[in-house]
Amino acid sequence: MKVGTTRNREEVPFLKVTNLTKQFGGVRAVDTVSFDLNKGEILGVIGPNGSGKTTLVNLITGFVKPDAGKVFYQGKDITGMMPHRIADLGIARAFQMVKPFYQLPAFKNLIIPLFSPRVKRLAGGKYGDRDAIAIDLLEEVGFERDSFVPFKMASVLPHGYLKRMELALCLALRPELIILDELFSGLSMAEVASMLPIIEKLMSENLTIIMIEHRLRELFRISNRVIVLNYGKKIAEGLPKEVMESEEVKKAYLGSETE
Amino acid sequence: MEHRKERIDRGIKARTEDIYALFSYREMLYLLVPRAIPILVLFAVTLVVGVYWQKVLISTAVFALLALSWDLLTAAGMVSLGQALFFGVGAYLTGILNHYFKLSPLFTIPIATLGGGVVCTLLLLPVLRLRGIYFAMVTLALPLMLVRIIEATKIFGGTEGLSGLSGLPSTRFELYLSIIAVLAVLFFFRRLINTDYGLVLRGIRDNDRSVMRSGINIYWYKAQALFMASAVGAFAGALMTHVYMFVGMPVFEMDYSILPIASAVVGGMGTFAGPMLGAFILVPLSEALRGVGGLRIVIYGLFLVIFTVALPEGIFHYFQRKYHQFERWVKVEK
Ligand SMILES: Nc1ncnc2c1ncn2[C@@H]1O[C@H](COP(=O)(O)OP(=O)(O)OP(=O)(O)O)[C@@H](O)[C@H]1O
Ligand SMILES: [Mg+2]
């Protein structure tokens, strides 16, 4: 019995997506996409604009209900569950279009995930000093501790800080899987360079990450494996180097660039 | 040499809403005065006015409760155009319990308060997913539908309503009960919204999807806010029913939906104190204008327009800002 359960755990992939499909009107935003993800892996997802990357994230995190296909998380079928239940299981996501609480100071933004049932459960029923934890988290993603920045209203923070806060909002949940939807979009080279070590630190903590990125060089540096979407379909999967040599991928990227 | 008016904000500490150590009588007074003076004035007024204005004050307090309830819903991202729903459900519940079951107001008011909260929350539960104007439209429609149901089915006295209900001990009792209720709700809501629980409610208004991805069930929180708001509204309705010793279809009238919103806008939304202040201006004003006759509504409307144009932030926000600033004349080198 005991052997059975451990073997079972090894066989079940951390995240398993099978034939996921979503149609918006006439557009197949995501078209029979399947992939597996192991614990501790960093999966890169790339594809031209409108290829269905964000929709794929929405399907996994429950913000959009799939027309067909399944999502299994640690062996559990989470297809079509409510977003907060999926988050409660430990899947955190950063939105491509940042979604902070604009009318709250930066550190108070983090109180909301820190107040969630999941965090309470993981902390053994107590929440601890949430304000202090919030400030620590902001420092972790690159807010200067000894400044007024963590106390500023989110509505006055520059884009770079809001992107960092997206990451902090994910981390506050103490997730096991983080899905980062174009975390680096709209950031300068210098800002990306300063954020990469933060991601690398998460990797060293054995966190599982799905990373959607248009900046291929940075993405390839950190991801173990890459899948490529085009018109909602998965057209390639493999090591970063292999993927970029595929004819189909080159065509998809060239095609979108000449448009 | 010229003079210029300089404006300085007082220290952050004096302005925070949190409890902190007070270091001097000056600081204590600074916080106490704006809270204590209006309350003292209010109680002083209750001692000098006659029965007619006591009744006006009761009805003012009832509208203040509805405005507070409205402000809580708004803080949690739910725009209500149907405060009359809460008011009417509370009013009918207390009326039914008193008329058919002969319960005394001692029981009917608390039961109608909690029961009204439950009933209204259940009625609106199916539409908690709707946002903004869609939710608002449903709240607008529900009280109108309930009136027609009562009219068509002739239940609970139909168009006649239920009369001869138990009254409360005295007008003064009614007055103090209603004023204490307003102050208690004001205090509770102001506290609540500054806790981490309140932060989640405000987060839902700001960005509900971001609350969801934080692993928090927004529908559960919205339902709780709805329960608190509708219980307060239902209490107002139950109280008014025993004041009039009558309940009937007018309890679902638009007045109970619109006036609380007007109070919140005039007084300053999102502060609880503002909507209450608004009610204490608008309701007595409306009474005072009764003498004017036909032009009453015109003058009243004009008043509303002037207020909202002159102080779009609301009276309370304006006074709060002024209170926290010094102004002084300083010399400027030309
Ligand atoms: N809610 C929606 N309603 C209708 N169509 C949608 C919706 N969401 C996405 N789409 C469509 O689905 C397709 C895929 O969009 P998606 O946002 O997933 O692409 P993406 O790969 O994330 O693009 P980008 O790189 O620009 O972020 C697009 O054609 C888009 O217009
Ligand atoms: Mg996208």
Side-chain angles (χ1 to χ4, degrees), chain A residues 57-58 61-64 81-95 97-105 107-122 127 129-131 134 148 151 153-155 162 165-166 168-175 178-179 181, chain B residues 9 11-13 15-20 71-79 125-126 128-132 191-225 268-272 274 313-314 317:
Chain A
V57 176
N58 284 336
T61 52
F63 283 91
V64 168
M81 263 193 192
M82 301 252 270
H84 66 89
R85 302 242 347 252
I86 293 177
D88 193 66
L89 293 171
I91 303 183
R93 77 169 292 188
F95 286 97
M97 300 289 180
V98 289
K99 296 205 191 305
F101 304 107
Y102 283 109
Q103 289 159 34
L104 299 178
F107 80 109
K108 286 286 183 193
N109 267 254
L110 298 183
I111 300 295
I112 290 171
L114 288 175
F115 193 63
S116 65
R118 174 182 170 81
V119 171
K120 183 176 183 182
R121 207 167 54 237
L122 291 181
Y127 284 116
D129 183 354
R130 285 190 287 276
D131 283 358
F148 287 119
F151 303 98
M153 281 290 170
S155 53
L162 293 179
M165 206 155 75
E166 274 294 308
L169 282 165
C170 291
L171 296 179
L173 204 55
R174 297 177 59 178
I178 297 195
I179 307 181
D181 194 354
Chain B
D9 285 335
I12 297 276
K13 201 175 66 172
R15 289 188 280 137
T16 110
E17 302 273 323
D18 288 339
I19 289 196
Y20 54 83
D71 213 28
L72 181 72
L73 284 181
T74 309
M78 291 177 276
V79 179
L125 213 50
L128 272 194
R129 275 159 198 279
L130 300 183
R131 283 190 271 186
R191 270 271 106 113
L192 182 78
I193 211 68
N194 283 312
T195 61
D196 289 351
Y197 177 93
L199 219 53
V200 175
L201 293 183
R202 285 188 279 161
I204 292 172
R205 177 167 88 158
D206 213 333
N207 203 323
D208 56 354
R209 305 183 113 218
S210 201
V211 179
M212 288 188 219
R213 64 103 173 255
S214 303
I216 289 177
N217 185 350
I218 61 166
Y219 306 113
W220 174 233
Y221 272 78
K222 279 183 166 191
Q224 290 178 15
M269 307 190 252
T271 55
F272 300 114
E313 57 186 335
H317 281 126

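The sequence lines fix the lettering, A, B, ..., with proteins before strands; numbering per chain opens at 1.
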Q | Atom pair CG (B:Asp206) and CG (A:Leu104), whose distance is rounded to the nearest 0.5 Å | A | 6.0 Å
Q: May I ask you to name which of A:Arg93, A:Arg118, A:Gln103, A:Met82 has the most heavy-atom pairs under 4.5 Å with chain B?
A: A:Gln103
Q. Heavy-atom distance under 4.5 Å to chain B: side chain of A:Ile112, backbone, both or neither?
A. both
Q. Out of A:Phe115, A:Phe101, A:Tyr102, which one racks up the most heavy-atom pairs below 4.5 Å with chain B?
A. A:Phe101
Q.
Does any backbone or side-chain atom of A:Leu173 lie under 4.5 Å from a heavy atom of chain B? Answer side chain, backbone, both or neither.
A. side chain
Q.
Can you tell me which portion of B:Tyr197 sits under 4.5 Å from chain A's heavy atoms? Options are side chain, backbone, both or neither.
A. both
Q) Can you check whether B:Trp220 reaches A:His84 side chain to side chain, under 4.5 Å on heavy atoms? A) no
Q: Not counting sequence neighbours, which residues clear side chain to side chain donor-acceptor pair (under 3.5 Å) with A:Arg174? List them please.
A: none
Q | Nearest heavy atoms of B:Ser214 and A:Ala87, plus distance in Å | A | C-CB, 4.4 Å
Q: Can you measure from CZ (B:Arg202) to NZ (A:Lys108) and round to the nearest 0.5 angstrom?
A: 8.0 Å
Q) If you round to the nearest 0.5 Å, how far is OG1 of A:Thr61 from CE of B:Met212? A) 10.5 Å
Q: Mind listing the closest non-hydrogen atom pair of A:Phe95 and B:Arg213 along with its distance?
A: CD1-NH1, 3.3 Å
Q. Does A:Arg85 have any side chain to side chain donor-acceptor pair (under 3.5 Å) partners at least two apart in sequence or in another chain, and if so, which?
A. none
Q: For residues B:Ser210 and A:Leu169, report the shortest heavy-atom separation together with the two atoms involved.
A: OG-CD1, 4.3 Å
Q: Determine the minimum heavy-atom distance between B:Gly215 and A:Pro117, stating which atoms define it.
A: O-CD, 3.4 Å
